Protein chains: 2
Amino acid sequence: MPTPPTGMPLVPTPRAPQRKERADAARNRQRVLLAAEELFARRSVESVTMDDIAAAAGVGKGTLYRRFTDKGGLAAELLSERGAELQRAILEGPAPLGPGPAAGADSGAGTSAGTGAGTAADPAARLEAFCAAYLAFQERHLDLVLLSETSSPGGRLRKRSYEFWRQHTEVLLRAAHVPDARVRAEVLLAALSAEQVRHWTRNEGRTLDDLTVALTGVVRSLIGSPAA
Amino acid sequence: MPTPPTGMPLVPTPRAPQRKERADAARNRQRVLLAAEELFARRSVESVTMDDIAAAAGVGKGTLYRRFTDKGGLAAELLSERGAELQRAILEGPAPLGPGPAAGADSGAGTSAGTGAGTAADPAARLEAFCAAYLAFQERHLDLVLLSETSSPGGRLRKRSYEFWRQHTEVLLRAAHVPDARVRAEVLLAALSAEQVRHWTRNEGRTLDDLTVALTGVVRSLIGSPAA
DNA sequence: ATGCTTAGCGGACTGTGGTCCGTTTAGATT
DNA sequence: AATCTAAACGGACCACAGTCCGCTAAGCAT
């Protein structure tokens with residue numbers, strides 16, 4: 001498969017074959033994505049309308065909606081570009097985020113826990129790292145994520161990316177022998193939803209660091225290994 | 001204070017004085033609430049428009065919006081009527097939900113844990129009971145709650161009732177000597193959001209019982225008292 | 001090159017939530 | 001009872017997300 005269209009998630013996309021996109025269509029998708037990015041960068045995300053984007057991209061509204069399900073879908077596509085790196089780091093990067101052995105001398109991102117010095121990272125440490133990284137990601141792209149998660153009720157849970165994050169979290173929990181791994185994974189992600197993160201940072205005035213610490217605590221509790 | 005207007009939350013409403021409502025206004029509020037309830041009962045919640053409600057209540061749209069902030073606000077008002085009983089049970093009912101001593105012989109709603117036989121319920125047991133009861137409430141009024149929580153982004157966290165549930169949860173957690181009580185309370189409530197509950201019951205096909213068990217486990221983990 | 005099929009296009013159109021503002025009237029004051 | 005004033009009213013109005021459908025042209029087949 002040659003150069004998947006930008007924004008394709010890394011995750012093994014199930015809908016593999018599916019007749020190739022026509023040339024003009026691809027060109028327009030690109031235009032739209034570009035225009036949207038530009039507009040979102042210049043003006044506040046919620047003030048940008050779909051008409052604005054269509055106009056800026058020099059494209060009809062019908063075209064917009066043929067390409068992206070809805071406003072949230074467009075935001076999600078943009079986000080998927082930006083989240084690709086994080087996804088890669090998780091799937092194949094060094095510990096503690098990824099499965100590989102720790103990079104260089106001493107990782108700076110992790111949050112202690114140090115499981116001695118195994119070859120592969122232990123699930124608890126990976127989960128903590130993921131939690132911190134994901135939180136940072138959400139906070140960094142807050143407006144866009146909020147749009148993508150709330151444009152339609154239940155949107156957050158229907159996005160393809162949700163499947164990825166949930167799967168990852170669930171697997172780690174299961175590896176840590178935690179019961180009800182699936183439910184607990186979803187509890188964790190609910191806590192990290194854009195709505196919630198915005199509430200914490202914008203309304204309750206918490207800093208990212210505060211939150212990271214508190215949520216790391218939550219993760220430890222959920223895993224429940226009492227001082228292993 | 002004589003007969004507070006229906007739907008007023010039990011919680012000590014801070015906006016105490018505030019010039020009394022005019023007679024016609026009160027009458028119209030009632031009409032709207034009634035009409036809305038009727039419509040929501042007959043047709044699917046999401047198919048009912050604000051115009052429908054206004055028409056059914058024999059009232060202009062302006063009136064509708066003068067009384068209730070927005071669609072979500074209207075739903076919340078309806079819900080607050082229905083939630084009043086639960087609120088009362090929590091504030092002044094018997095254990096394990098309320099602070100009082102257990103009612104009758106053996107409560108049927110609680111979820112084990114049995115802390116011997118103290119005079120007042122212990123926070124852990126109360127929290128578990130609350131969680132189960134709240135979950136059941138959410139499930140029971142799912143469509144309406146969903147409307148009230150998602151009609152505007154972040155709506156869930158801005159409702160007055162949220163303040164109540166959060167406060168209650170937080171207090172119990174603090175009483176159980178759990179760190180970061182506030183954050184953990186919000187994590188719990190995020191897990192119990194309408195969106196999430198709908199996802200669990202409608203998409204993943206979980207039963208209320210399944211969920212209650214799994215979430216009770218989450219609560220125990222969060223409290224962290226390792227088999228006290 | 002020419003023709004044909006069908007994905008792609010675009011913008012008028014619809015449905016709905018929410019606002020605005022000129023008019024009405026409850027109820028207090030005299 | 002007459003007057004007055006601000007709360008309440010109502011429906012025309014607006015903005016915006018999302019749909020529809022007749023037209024266009026990409027790119028395959030001959």
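Bear in mind the structure is a predicted one, so any value in this text is a computation, not a measurement.
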Worksheet item: With a 4.0 Å cut-off on heavy atoms, is B/Arg27 in touch with a base, just the backbone sugar-phosphate, or nothing at all?
Response: nothing

Practice prompt. Using whole Å, report how far CZ of A/Arg67 lies from P of C/dG10.
Written response: 10 Å

Worksheet entry | Gap between atoms CD and P, on B/Glu21 and C/dT25 respectively (whole Å) | 19 Å

Worksheet item: Is any NZ, NE, NH1 or NH2 atom of the basic residue among A/Glu37 and A/Arg82 found under 4.0 Å from an Asp or Glu carboxylate oxygen of the other?
Response: yes

Worksheet item: Any idea which of D/dA17, D/dA26, C/dG10 is nearest the A/Asn28 side chain?
Response: C/dG10

Worksheet item: Looking only at N and O atoms, is any donor in the side chain of B/Arg22 or the base of D/dA8 less than 3.5 Å from an acceptor on the other one?
Response: no

Worksheet item: Rounded to the Å, how far apart are B/Ile53 CD1 and D/dG10 C1'?
Response: 16 Å

Worksheet item: Do NZ/NE/NH1/NH2 and the carboxylate oxygens of B/Glu163 and B/Arg166 come within less than 4.0 Å?
Response: yes

Item to complete: Rounded to the nearest angstrom, tell me the gap between atom CZ in A/Arg31 and atom P in C/dG10.
Response: 8 Å

Practice prompt. Using heavy atoms to find the nearest nucleotide of DNA chain C for A/Val59 and A/Asp51 separately, return the residue whose nucleotide is more 5′.
Written response: A/Val59

Response to the item:
Testing C/dC9, D/dA8, C/dG27 for proximity to the side chain of B/Arg66, the answer is D/dA8

Discussion item. I need the CZ-P distance between A/Arg29 and C/dC9, as an integer number of Å.
Written reply: 10 Å

Worksheet item: Is it true that B/Arg182 and A/Glu204 have a side-chain N and a carboxylate O under 4.0 angstrom from each other?
Response: yes

Worksheet item: With nearest nucleotides of DNA chain D determined for A/Lys71 and A/Gly62 from heavy-atom distances, which residue corresponds to the more 5′ nucleotide?
Response: A/Lys71

Discussion item. Over all strands shown, is B/Thr63 touching base, sugar-phosphate only, or nothing at heavy-atom distances under 4.0 angstrom?
Written reply: base

Worksheet, complete the sentence: Which of C/dG8, D/dC9, D/dG18 is nearest the side chain of A/Asp70? It is D/dG18

Discussion item. Please report the distance, rounded to the nearest Å, between CG in B/Leu64 and C1' in D/dA12.
Written reply: 16 Å

Fill in: Options D/dA17, C/dG17, D/dG10, nucleotide nearest the side-chain atoms of B/Met50
C/dG17

Item to complete: Please step through side chain to side chain donor-acceptor pair (under 3.5 Å) for the pair B/His199 and A/Glu186, ending with a clear verdict.
Response: CA-CA 10 Å; B/His199 180 66; A/Glu186 308 206 78; 3.3 Å; yes

Practice prompt. Choose from D/dA8, C/dG8, C/dG18 the nucleotide whose nearest atom is closest to any side-chain atom of B/Ala25.
Written response: D/dA8

Worksheet item: Do B/Lys61 and C/dG18 share a donor-acceptor pair, side chain to base, under 3.5 Å?
Response: yes

Item to complete: Output yes when A/Glu85 and A/Arg88 qualify as a salt bridge under the 4.0 Å nitrogen-oxygen rule, no when they do not.
Response: no

Discussion item. Would you say A/Tyr65 places a side-chain N or O within less than 4.0 Å of OP1 or OP2 belonging to D/dG18?
Written reply: yes

